[in-house]
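What follows is a single structure, written as structure tokens, with notes after it.
Nothing here was measured: the structure is a model prediction, and the numbers come from that model.
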Amino acid sequence: MATLLDHFEPAALPAHARAFRAEVRAFLAQRMPALPAERRARSWLGFDADFSRQLAARGWVGVTLPRQYGGAELDAFSRFVLVEELLCAGAPVSAHWIADRQSGPLIHKFGNEAQRSFYLPRICRSEAFFCIGMSEPNAGSDLASVGTRATRGESGGWRLNGRKIWTTNAQHCHYMIALVRSCGTPADRQQGLSQFIVDLSAPGVTVRPITDLAGDAHFSEVFFDDVHLEDAALIGQEGSGWAQVTAELAFERSGPERIYSSIVLLDRWLAWLRAQGDRRHAELVGRLATHLAALRGLSISVTARLAAGESPVVEAALVKELGTTFEQDIATSIEAALGTDPGAAIDGELLRTCAYVNQICPTYSLRGGTREILRGVIARGLGLR
């Protein structure tokens with residue numbers, strides 16, 4: 001009987017991607033901001049437009065996009081190495097992250113030539129930052145029940161009304177790609193959904209940041225009150241939004257960021273154990289290292305599918321589900337390990353990093369699709385529902 005593991009062919013990074021790693025490390029050694037571990041642990045939530053522009057000047061934003069649009073035209077394996085090194089270093093990449101990972105590839109795949117020519121060069125120069133307009137209040141994890149609506153204007157264009165929530169960095173971004181209903185009702189589910197590029201500086205757009213338990217405000221709620229959209233704002237065909245957003249989620253769920261969100265904490269803890277000569281937690285270290293190696297192998301396998309031009313939706317869902325569980329396990333396991341010796345003089349930077357990651361890690365299994373939704377996707381892929 002076929003299983004989901006049949007979709008994961010063993011894959012290894014090709015030689016050119018392995019060679020690329022040294023180039024990325026050399027760049028980071030020169031340009032990486034000097035940040036304490038508790039700041040580096042924020043990494044792909046850390047907004048630093050200047051650092052993103054430095055990466056762009058090196059050609060490392062929009063790395064998989066064609067050169068004619070300003071991209072580096074590197075393959076998915078090279079992007080995997082770049083992302084892996086940035087996350088392991090704790091680089092503040094949030095400014096360009098969404099545009100590089102999914103907005104740019106989405107526009108390239110489904111947009112028209114005018115959209116490609118306008119947005120992609122700006123993404124590659126880190127002049128245009130994007131956020132994701134999917135989640136909504138009262139919709140929970142049911143993406144197909146979105147209520148934000150675009151209606152055709154009497155004199156052309158569209159009028160957008162509704163709101164989005166948990167929108168990362170909306171207060172800093174220039175554009176949002178929003179999944180909205182353009183015809184029918186929420187009862188129509190996946191039918192009648194479309195994607196639009198929304199200029200967040202347009203009249204009628206209101207962005208309200210949301211402060212989380214860690215004291216950061218990277219989430220926002222975004223309100224649309226009769227926002228005018230030109231016809232050119234529509235991506236692809238009207239009503240094709242569900243197929244497009246499904247392809248977009250494969251980009252969002254498959255990357256190393258679904259494995260390495262807690263990696264700065266893990267590295268900082270290992271460094272402290274070495275300095276103390278503490279071998280009491282060798283079994284835990286071995287378990288975490290083994291899990292990391294297996295998950296990395298799965299992620300590289302998905303990368304190989306992306307490099308082949310496929311859209312591995314189910315496989316990406318599995319990597320994301322297993323990866324976020326692992327990321328949360330790092331945080332809770334290290335916290336428990338530090339608590340086994342209450343009288344120990346533990347490094348303050350390590351304690352602050354551990355506190356931050358444990359505060360933020362519950363969101364790992366929410367962002368990019370909740371655990372329940374992902375398990376549903378996996379079950380359908382196995383023919384179980």
Side-chain angles (χ1 to χ4, degrees), residues 28 32-48 51 83-95 97 165-169 171-172 209-220 256-289 291-292 295 320-368 370-371:
L28 289 172
M32 174 72 186
L35 299 171
E38 64 265 29
R39 298 303 303 177
R40 290 188 291 110
R42 284 156 168 83
S43 196
W44 61 286
L45 294 177
F47 194 97
D48 186 336
F51 182 76
V83 169
E84 190 171 47
E85 289 297 323
L86 289 170
L87 294 176
C88 287
V93 296
S94 183
W97 200 250
I165 200 168
W166 312 128
T167 309
T168 302
N169 285 331
Q171 70 272 38
H172 300 302
I210 300 171
T211 302
D212 63 23
L213 286 174
D216 295 330
H218 55 268
F219 290 138
S220 293
E257 64 266 38
R258 304 306 179 185
I259 301 173
Y260 293 123
S261 296
S262 299
I263 198 68
V264 170
L265 170 61
L266 179 58
D267 281 343
R268 188 68 187 78
W269 178 59
L270 292 175
W272 184 76
L273 290 179
R274 293 188 195 100
Q276 300 298 311
D278 188 343
R279 303 181 60 85
R280 290 176 300 165
H281 305 294
E283 182 179 347
L284 172 59
V285 172
R287 177 171 64 82
L288 293 176
H291 285 186
L292 175 59
L295 285 167
K320 198 272 183 184
E321 157 63 356
L322 294 174
T324 52
T325 299
F326 169 71
E327 292 174 326
Q328 291 172 334
D329 187 32
I330 288 176
T332 56
S333 296
I334 292 177
E335 184 180 51
L338 292 174
T340 58
D341 188 0
I346 301 173
D347 178 81
E349 184 179 29
L350 172 59
L351 286 176
R352 291 190 297 273
T353 306
C354 186
Y356 167 75
V357 176
N358 272 279
Q359 286 175 322
I360 198 68
C361 74
T363 68
Y364 296 170
S365 53
L366 297 174
R367 62 195 188 194
T370 65
R371 181 162 287 149

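You'll find the side chain of Leu273 reaches within 4.5 Å of the side chain of Val285, heavy atoms only. Looking at heavy atoms from C-beta onward, Pro92 lies in side-chain contact with Met32 at the 4.5 angstrom threshold. Trp166 is listed as a side-chain neighbour of Ile210, based on a closest heavy-atom distance under 4.5 Å. In this structure, the side chains of Tyr260 and Ser43 stay at 4.5 Å or more apart for every pair of heavy atoms. Inter-residue side-chain proximity for Asp216 and Thr211 is flagged as unmet; no heavy-atom pair is nearer than 4.5 Å. For the pair Asp329/Arg287, a side-chain contact is recorded, criterion being any heavy-atom separation below 4.5 Å from C-beta on. Using a 4.5 Å heavy-atom cutoff, the side chains of Pro33 and Phe51 are in contact.
Using modelled atom types, no side-chain atom of Ser94 and backbone atom of Phe47 make a donor-acceptor pair closer than 3.5 Å. Of the possible donor and acceptor atoms, none in the side chain of Arg258 sits under 3.5 Å from a partner among the backbone N and O of Thr324. Listed for the Glu84 side chain is no donor-acceptor partner under 3.5 Å among the backbone atoms of Pro256. Asn169 contributes no side-chain N or O that, together with a main-chain N or O of His172, makes up a donor-acceptor pair within less than 3.5 Å. The closest donor-acceptor contact from the side chain of Thr168 to the backbone of His218 lies at 3.5 Å or more, if one exists at all.
Minimum interatomic distance between Cys361 and Gln328 (heavy atoms only, all atoms of both residues): O-NE2, 2.9 Å. Annotation for Cys354 and Ile334: closest pair SG-CG2, 4.3 Å, computed over non-hydrogen atoms. Closest non-hydrogen pair, Leu338 versus Ile346, comes out as O-CD1, 3.8 Å. Closest non-hydrogen pair, Ala89 versus Leu28, comes out as CB-CD1, 3.9 Å. Nearest heavy-atom pair across Ala337 and Leu284 is CB-CD2, 4.2 Å. Looking at every heavy atom in both residues, Leu288 comes nearest to Phe326 through O-CE1, 3.4 Å.
Here the CG atom belonging to Leu266 is positioned 9.5 Å from the SG atom belonging to Cys88, to the nearest 0.5 angstrom. Once rounded to the nearest 0.5 Å, the distance linking CZ of Phe219 with CD1 of Ile165 reads 10.0 Å. In this structure, the separation between CD on Glu257 and CG on Leu86 is 11.0 Å, given to the nearest 0.5 Å. The line from OG of Ser262 to CD1 of Ile360 is 10.5 Å long, rounded to the nearest 0.5 Å. Leu292 contributes atom CG, which lies 10.0 Å from atom CD of Glu327 (distance to the nearest 0.5 angstrom).
The side-chain hydrogen bond (donor to acceptor under 3.5 Å, both in side chains) contacts involving residues 347-363 comprise Glu38-Arg352, Arg268-Asp347, Arg268-Glu349, where partners must be two or more places apart or lie in separate chains.
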*Check the pair Leu350 / Leu265 against side-chain contact (heavy atoms from CB on, under 4.5 Å), numbers first and verdict last.*
CA-CA 7 Å; Leu350 172 59; Leu265 170 61; 4.0 Å; yes

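Residues Ser220 and Gln171 bring a donor and an acceptor atom of their side chains to less than 3.5 Å of each other.
The side-chain contact (heavy atoms from CB on, under 4.5 Å) test applied to Thr340 returns Arg280, His281, not counting sequence neighbours. Partners of Trp44 according to the side chain to side chain donor-acceptor pair (under 3.5 Å) rule, which considers only residues two or more places apart in sequence or in another chain, are Ser261.
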